[in-house]
Protein chains: 2
Amino acid sequence: MSSACLLSRMAKKLPLSDDALEMVARRFAVLAEPMRLRLIQNLFEGEKNVNALVEATGGTQANISRHLQTLTQASVLARRKEGLQVFYSIADPSIYRLCELVCGSLEKQAVRQAEAFGTD
Amino acid sequence: MSSACLLSRMAKKLPLSDDALEMVARRFAVLAEPMRLRLIQNLFEGEKNVNALVEATGGTQANISRHLQTLTQASVLARRKEGLQVFYSIADPSIYRLCELVCGSLEKQAVRQAEAFGTD
DNA sequence: ACTAAACATGCGCATATACTCATATACTTG
DNA sequence: CAAGTATATGAGTATATGCGCATGTTTAGT
């Protein structure tokens, strides 16, 4: 598995290989769905089971289950089975900062646009 | 324009509205394409015109132009026209940390997987 | 004004993926 | 073992989007 080697090029400001770029792109793609972000946001409060997430988000059970699968396969979430229920939790702590960064950036943009229009 | 208000909820650990979630998701989606990441990576070296980016990435001119448009509309890149040429550059400095964070996270994952397999 | 260069864009195709509905699986309890 | 509950998944559909091809637009030079 050469991924570690490939990805470490980033820290050294070296160009990433095609494989590495696809991995990074895929990571961003996993976070590029509003419902998945809503799930992540809910899990910021702590571990929750599927039913709790279904009720909290207002989505259908099937859809939520699929999104949770996507997030888990990407190692963003962790899965813990306890009897009939399955509990999900944030597995990748970098998600916090990632969301903070994007929100901060978007907020700055919004403020600039608001100022440009003289509103607010 | 209430975006600024909505997004600021993030910093206070409050739930984001549907609109805010869609904005964040869209931001991630813009970064979820290998070719766009390659362009961004190339622009880490500094401002470049379209032709230079076409040659550096090996993509077609039409495709590169479209990706640059996507990135510019998302305010990730800035566009500067000078005669016949158009120069693009990184407009959103948060992109650096964003990429670093994801790369670091993926690298950790890869290392763990490598260790689990006993390879490396 | 004509030509060429640099970049952008309309269009069609192919693929990916989010969603819903129905059903399957796993586990607990009586 | 039967029934019920919590979760996962197969199938089908609709939408989005990346790509290539051709063409359009803007600007510089003669």
Close approaches to DNA chain D from residues 46-64 of chain B, in residue order (heavy atom, under 4.0 Å)
B:T60, B:A62, B:N63
If you define the side chain from C-beta out and look only at heavy atoms, does anything of B:T70 sit under 4.5 Å from B:R66?
no
Report the distance from atom OG of B:S94 to atom CD of A:E100, rounding to the nearest 0.5 Å.
12.5 Å
When every non-hydrogen atom of A:F28 is compared with those of B:L31, the smallest separation belongs to CD1-O, 3.2 Å
Choosing from C:dA18, D:dT7, C:dA26, which nucleotide comes nearest the side chain of A:K81?
C:dA26
If I take atom CD in residue A:E82 and atom C1' in nucleotide D:dT7, what distance separates them, rounded to the nearest angstrom?
14 Å
For C:dA6, does either OP1 or OP2 sit under 4.0 Å from a side-chain N or O belonging to B:Y88?
no
Can you tell which of D:dT9, C:dC7, D:dA6 lies closest to the side chain of A:Q85?
D:dA6
Return whichever of A:G83 or A:E33 has its heavy-atom-nearest nucleotide of DNA chain C closer to the 5' end.
A:E33
On a heavy-atom basis, which atom in B:R36 and which in B:A29 lie closest, and how many Å separate them?
NH2-O, 3.4 Å
Just checking, any donor-acceptor pair under 3.5 angstrom between side chains of B:D19 and B:S17?
no
Please determine whether a side-chain nitrogen or oxygen atom of A:H67 lies at a distance below 4.0 Å from atom OP1 or OP2 of C:dT17.
no
When rounded to the nearest 0.5 angstrom, what is the spacing between CD in A:Q41 and CG in B:L16?
5.0 Å
Ignoring the backbone of A:S65, work out which of D:dA8, D:dG20, D:dT26 is nearest its side chain.
D:dA8
From CG of B:L71 across to P of C:dA8 the rounded distance in Å is 12 Å
Phosphate OP1/OP2 of C:dC7: any B:R79 side-chain N/O under 4.0 Å:
no
How close do A:R27 and A:S75 get, counting heavy atoms only, and between which atoms?
NH1-C, 4.5 Å
Using atom CZ of A:R80 as one end and atom P of D:dA6 as the other, report the distance to the nearest whole Å.
16 Å
Can you tell me which nucleotide in D:dT26, D:dT5, C:dT20 comes closest to the side chain of A:L84?
D:dT5
Could you tell me whether the side chain of A:R66 has a donor or acceptor atom within less than 3.5 Å of a complementary atom in the base of D:dG10?
yes
Provide, to the nearest angstrom, the distance between the CD atom belonging to A:Q69 and the P atom belonging to C:dC19.
14 Å
Whole-Å distance between C:dA18 C1' and A:Q73 CD?
15 Å
